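Small disclaimer: the values here were computed from a predicted structure and weren't measured. Each chain gets a letter, A, B and so on, in the order the sequences are listed, and its residues count up from 1.
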There are 2 protein chains.
Amino acid sequence: MADRESDRSVSQTVRAQLSLRDLILSGRLRSGERISELQAVELTGVSRTPVRMALVRLEEEGLLEAIPSGGFMVKAFSERDILDSIEIRGTLEGVAARFAAERGVSARDLAPLKENLAELDVLLRQDTHSVEVFSAYVALNARFHALLSDLSGSAPLIRQVDRSSALPFASPSGFVMAQSALAEASQILLIAQDHHHTVIDAIENREGARAEAIMREHARLAARNLRLALRNRTHLDLLPALVRSSAAEV
Amino acid sequence: MADRESDRSVSQTVRAQLSLRDLILSGRLRSGERISELQAVELTGVSRTPVRMALVRLEEEGLLEAIPSGGFMVKAFSERDILDSIEIRGTLEGVAARFAAERGVSARDLAPLKENLAELDVLLRQDTHSVEVFSAYVALNARFHALLSDLSGSAPLIRQVDRSSALPFASPSGFVMAQSALAEASQILLIAQDHHHTVIDAIENREGARAEAIMREHARLAARNLRLALRNRTHLDLLPALVRSSAAEV
DNA sequence: GCCTCATTTATTGTATACATAATGAATGCA
DNA sequence: TGCATTCATTATGTATACAATAAATGAGGC
């Protein structure tokens with residue numbers, strides 16, 4: 001929920017952006033649906049100016065698409081689009097890992113990653129089928145990836161990785177796929193965690209090519225995971241909670 | 001020049017965006033300089049609402065940076081940032097080439113690329129040191145790269161490539177470096193053109209890994225070219241013309 | 001009965017007025 | 001003399017009024 005009237009500390013623009021993002025991700029605004037400014041005003045409770053700003057930002061974010069004659073519509077994504085986005089993200093993360101390895105990182109920079117990794121290790125010994133544990137996993141995993149791209153020390157790269165992350169994680173179907181796959185193949189998480197460990201090892205040993213290859217393979221695993229999930233969809237009831245937790249963290 | 005008062009066919013927002021982009025790229029607004037809305041209003045001649053839209057879009061474009069307390073400043077880029085951006089772009093173009101190769105492309109899709117390639121061949125037999133020929137080269141080369149990413153058939157990837165192109169080509173120093181390097185090492189263009197030919201060949205023969213490797217190497221060539229240019233800067237007088245032609249094509 | 005043109009309506013684009021927050025300077029007090 | 005507090009000024013955030021354009025619907029003619 002977007003706390004429409006309360007929380008005066010954040011700007012109207014941000015409030016509108018959060019509200020609208022929530023509406024899109026939760027599916028209340030369907031793909032391909034045109035969204036008029038006045039409609040957005042009704043939905044968010046703020047006036048047209050901040051609503052327009054929010055719409056422009058959501059367009060840049062990739063959730064909306066500008067209509068030539070004016071206005072915006074909710075962007076539609078194919079499964080192929082989402083799979084491609086995962087590969088793009090993996091490719092960029094591969095470059096990030098390689099940069100980190102080639103340019104060298106201090107033990108101080110690596111510390112938060114190792115800490116995060118340890119937390120993930122602990123978590124993965126629990127039952128990842130439960131909503132709480134899975135949500136915690138999603139958050140920790142996202143943090144690992146964010147820390148990793150930071151490790152590259154390259155502002156343009158960090159920026160690009162951020163942008164390429166929008167689609168795989170923003171899309172409702174992405175969420176459906178991610179969690180449903182998880183439910184039936186939680187050992188995949190263990191392999192993913194192995195990737196996390198080995199990429200850090202590669203970076204520490206300055207093995208750039210290896211670090212890059214691991215992150216690419218990591219993305220391929222995620223993609224495979226999702227393709228698998230497309231066939232046998234389960235646990236769709238988990239979706240709303242996941243979407244909500246993701247929208248909140250922005 | 002951005003034709004301030006004339007050309008009523010385009011929106012005020014777009015006019016403001018073009019004007020401001022031109023001001024930034026031409027260096028009249030210096031890196032790190034704060035740009036207030038009223039100042040932007042003065043400079044562009046449109047009112048605050050479209051100016052704000054333009055500022056937000058330029059922020060998303062990567063040319064401006066939001067100041068926490070409000071407002072925007074012209075973003076500053078290091079040489080490292082620009083070199084990284086070239087590598088990022090090359091990496092993504094590598095994926096695009098691989099996608100094209102793996103998924104297959106029709107002869108009809110390849111036709112415009114081959115035509116473009118032939119035009120480049122003709123051009124490269126001329127004196128690339130002249131402003132006209134070099135400008136034409138820049139335009140044709142940009143078109144080749146755009147067509148190539150289109151060939152991937154992946155909307156998310158095309159989008160990402162577009163975004164990663166902003167920095168290397170938008171930045172004035174990128175232009176300085178690109179053209180000054182060119183002036184003293186025009187044989188590099190011939191090698192680059194060979195890359196263009198061979199990547200198409202690889203795509204036609206469905207050699208995905210080779211296609212990807214070529215585009216990566218292509219970017220490395222560009223990066224090397226620029227590093228070289230950093231040492232002996234020449235022909236800086238060409239800069240304004242190049243910036244102007246680039247700003248116009250958007 | 002269908003096609004075309006005009007009128008009307010709705011929606012976006014633009015401008016400006018107002019409010020609020022931040023910044024800087026000046027004055028008073030310690 | 002130095003620091004803090006307050007006031008003034010400037011800038012951004014927000015709302016709304018107005019204009020222009022595009023879409024839709026109706027009527028009239030072919």
Side-chain angles (χ1 to χ4, degrees), chain A residues 2-24 28-61 63-75 250, chain B residues 2-24 29-30 32-61 63-75 250:
Chain A
D3 289 351
R4 303 243 297 244
E5 300 303 331
S6 62
D7 198 357
R8 299 201 172 196
S9 61
V10 298
S11 71
Q12 302 282 73
T13 299
V14 172
R15 274 227 295 278
Q17 196 175 349
L18 286 170
S19 285
L20 291 172
R21 188 192 289 125
D22 186 50
L23 287 169
I24 296 168
R28 274 169 289 175
L29 291 170
R30 275 193 291 264
S31 290
E33 189 172 339
R34 178 169 184 164
I35 176 171
S36 79
E37 289 181 4
L38 298 90
Q39 188 186 350
V41 166
E42 285 261 324
L43 290 169
T44 60
V46 304
S47 82
R48 275 188 61 208
T49 306
V51 153
R52 266 181 76 91
M53 303 283 288
L55 290 171
V56 168
R57 296 201 122 102
L58 288 170
E59 180 205 356
E60 298 294 338
E61 206 172 300
L63 263 54
L64 295 178
E65 192 172 359
I67 297 172
S69 66
F72 299 93
M73 56 181 281
V74 180
K75 210 162 174 175
V250 180
Chain B
D3 289 349
R4 303 242 299 242
E5 300 304 329
S6 63
D7 197 359
R8 301 199 170 195
S9 61
V10 298
S11 71
Q12 302 282 73
T13 299
V14 171
R15 276 228 293 280
Q17 196 175 350
L18 286 170
S19 285
L20 291 172
R21 189 192 288 124
D22 186 49
L23 287 168
I24 295 168
L29 290 171
R30 276 192 292 265
E33 188 172 338
R34 178 168 184 165
I35 177 172
S36 78
E37 288 182 5
L38 298 90
Q39 188 185 351
V41 166
E42 286 260 326
L43 290 168
T44 60
V46 304
S47 80
R48 275 187 61 208
T49 305
V51 153
R52 265 182 77 92
M53 302 283 287
L55 290 171
V56 168
R57 295 200 123 101
L58 288 170
E59 180 205 358
E60 298 295 338
E61 206 171 304
L63 263 53
L64 295 178
E65 193 173 358
I67 298 172
S69 66
F72 299 92
M73 56 180 284
V74 180
K75 209 162 174 175
V250 181

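- The one candidate from B:Arg34, B:Glu59, B:Lys75 that meets the side-chain contact (heavy atoms from CB on, under 4.5 Å) condition with B:Glu65 is B:Lys75.
- One finds a side-chain N or O of A:Gln12 lying less than 4.0 angstrom from the OP1 or OP2 phosphate oxygen of D:dA15.
- Partners of A:Ser47 by side-chain contact (heavy atoms from CB on, under 4.5 Å), not counting sequence neighbours, listed by chain and number: A:Pro50.
- Rounded to an integer number of Å, the gap from B:Arg34 CZ to D:dT10 C1' is 10 Å.
- With rounding to whole Å, A:Leu55 atom CG is found 10 Å from C:dG13 atom P.
- Listed pair A:Ser36 / C:dA10 fails the phosphate criterion, with no side-chain N or O lying under 4.0 Å from OP1 or OP2.
- Residues that satisfy the side chain to side chain donor-acceptor pair (under 3.5 Å) test with A:Glu37, not counting sequence neighbours, are A:Arg48, A:Arg52.
- Residues B:Gln39 and B:Leu29 are in side-chain contact: their nearest non-hydrogen atoms beyond the backbone lie under 4.5 Å apart.
- The CE-C1' distance, from B:Met73 to D:dA11, rounds to 17 Å in whole Å.
- Taking only side-chain nitrogens and oxygens, A:Arg52 never comes nearer than 4.0 Å to OP1 or OP2 of C:dT12.
- Sequence order on DNA chain D of the closest nucleotides to A:Val46 and B:Glu37 puts B:Glu37 first from the 5' end.
- In terms of heavy atoms, A:Ala40 sits closest to A:Leu20 at CB-CD2, 4.2 Å.
- Rounded to whole angstrom, the span from the CD1 atom of A:Ile67 across to the P atom of D:dA22 amounts to 14 Å.
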- Would A:Val41 and A:Val46 satisfy side chain to side chain contact (heavy atoms under 4.5 Å, CB included), going step by step from the backbone distance to the final call? CA-CA 6 Å; A:Val41 166; A:Val46 304; over 6 Å; no
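- For the pair A:Phe72 CZ and C:dT11 P, the computed distance is 15 Å after rounding to whole Å.
- The phosphate of C:dG13 has neither OP1 nor OP2 within less than 4.0 Å of any side-chain N or O from B:Thr13.
- The distance between atom CD of B:Gln39 and atom P of D:dT10, rounded to the nearest whole Å, is 15 Å.
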Write out a two-atom table: protein N or O, nucleotide N or O from nucleotides 16-22 of chain C, distance below 3.5 Å.
residue : atom : partner : partner atom : Å
C:dT16  : O4   : B:Thr49 : OG1          : 3.3

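- The nucleotide whose nearest atom lies closest to any side-chain atom of A:Pro50 is, among C:dT12, D:dA11, D:dA15, D:dA15.
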- Item | Working for side chain to side chain contact (heavy atoms under 4.5 Å, CB included), residues B:Arg21 and B:Leu58 | CA-CA 7 Å; B:Arg21 189 192 288 124; B:Leu58 288 170; 4.1 Å; yes
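- Between the C1' atom of D:dT14 and the CE atom of A:Met53 lies a distance of 11 Å, rounded to the nearest Å.
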